[in-house]
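Okay, structure first, notes after.
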Amino acid sequence: MCRGLDSLPTTCLERAKELKALFGSLLQKSDHGITGKEKKNDKLKLNVDEPLRWKESFEKLLSSQNGLCLFRAFLVSEFSEENIVFYLACEDYQATKPSKQPTKAKKIYDEFIGCDAPREVNLDHVTKAITKENMEHPRQSCFDLAQAKIYTLMEKDCYPRFLKSSMYLEVSRKAKTG
């Protein structure tokens, strides 16, 4: 069921490592505004205050591409990456054209909620039953309840652990002292 670090997309793992290295290098620079580093075809730009904003709210963490990557790397290390993957799959599903929703809904359900789902998320029986019922006629909102439950689980359980993790503490310490 859990595939560990191997299941983390290479780009996300590289970005998490790059974040740690980049904030570490900020300690040695006198200008602590915005810094950037070229990487293949994309630019990684970080504001030194960014890790400190992640602590303000779970929503701010998820709305930051760098924060999301670091949080996802943390969840992989905690063997609970399926939660964020499910949450992001639901976000993607909500933006899906209605004509493609039934196929995508089945894929999400089979991967995260159904019996013997390979990346099963921790949902109560009632939420699973409501979601299964919603699958009969998938709409944009068919995963709303399940997604809200997983969001709350991450916010109340995973997010506080992330803020206490050595991964986050190191990045935020380097940002503060930078």
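Computed from a predicted model, the values in this text were never measured in an experiment. Index from 1, following the sequence.
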Checklist entry - OG/Ser172 to CD/Glu170 distance, rounded to the nearest 0.5 angstrom? => result 9.5 Å
Next on the checklist: Show the nearest heavy-atom pair for residues Phe143 and Ala105, with the distance to one decimal.
Outcome noted: CZ-O, 3.4 Å
Next on the checklist: Clusters formed by hydrophobic residues whose side-chain heavy atoms approach within less than 4.5 Å: which one holds Leu52, and what are its other members?
Outcome noted: none
Checklist entry - Do Asp92 and Ile108 have side-chain heavy atoms sitting under 4.5 Å apart? => result no
Checklist entry - Do you know which two heavy atoms are closest between Leu163 and Lys55, and how far apart they sit? => result CD2-CA, 3.9 Å
Checklist entry - For the residue pair Ile84 and Leu62, what are the closest heavy atoms and their distance? => result CD1-CD2, 3.7 Å
Checklist outcome for this item: When rounded to the nearest 0.5 Å, the distance separating CG of Leu68 from CG of Leu88 is 5.5 Å
Checklist entry - Taking C-beta and beyond as the side chain, do Leu75 and Phe162 meet within less than 4.5 Å on heavy atoms? => result no
Next on the checklist: So Phe71 and Met154, do their side chains get closer than 4.5 Å, heavy atoms only?
Outcome noted: yes
Item to check | OH on Tyr87 to CG on Asn83, rounded to 0.5 Å | outcome: 12.5 Å
Next on the checklist: Please give me the minimum heavy-atom distance between Ala146 and Thr127, naming the atom from each residue.
Outcome noted: CA-CG2, 3.7 Å
Next on the checklist: Check this for me: does any side-chain nitrogen of one of Glu120 and Lys128 sit under 4.0 Å from a carboxylate oxygen of the other?
Outcome noted: yes
Checklist entry - According to a 4.5 Å side-chain heavy-atom criterion applied to Ile, Leu, Val, Met, Phe, Trp and Tyr, with indirect links allowed, do Ile113 and Leu153 form part of one hydrophobic cluster? => result yes
Item to check | Side-chain donor or acceptor of Tyr168 paired with backbone N/O of Pro51 under 3.5 Å | outcome: yes
Checklist entry - With a 4.5 Å heavy-atom cut-off, do Phe112 and Ile150 have their side chains touching? => result no
Next on the checklist: Nearest 0.5 Å, please: how far is CZ in Arg72 from OG in Ser80?
Outcome noted: 11.5 Å
Item to check | Close side-chain approach of Cys142 and Tyr93, heavy atoms under 4.5 Å | outcome: yes
Checklist entry - With side chains defined as the heavy atoms from C-beta onward, is the minimum distance between Glu82 and Glu111 less than 4.5 Å? => result no
Next on the checklist: Hydrophobic clustering (ILVMFWY, side-chain heavy atoms < 4.5 Å, transitive) - are Phe58 and Met167 grouped together?
Outcome noted: yes
Item to check | OG1 on Thr152 to OH on Tyr159, rounded to 0.5 Å | outcome: 14.0 Å
Checklist entry - Which residue pairs pass the salt bridge (charged side-chain N to carboxylate O under 4.0 Å, His left out) test when at least one of the two sits in residues 142-157, sequence neighbours left out? => result Asp124-Lys149, Asp157-Arg161
Item to check | CZ-CD distance between Phe86 and Glu91, expressed to the nearest 0.5 angstrom | outcome: 10.5 Å
Checklist outcome for this item: Heavy-atom closest pair (Ser64 atom, Trp54 atom, distance to 0.1 Å) is OG-NE1, 3.1 Å
Item to check | Listed once per pair and sorted, the salt bridge (charged side-chain N to carboxylate O under 4.0 Å, His left out) pairs that draw on residues 131-142, sequence neighbours left out | outcome: none
Item to check | Whether Thr103 side chain and Lys100 backbone form a donor-acceptor pair below 3.5 Å | outcome: no
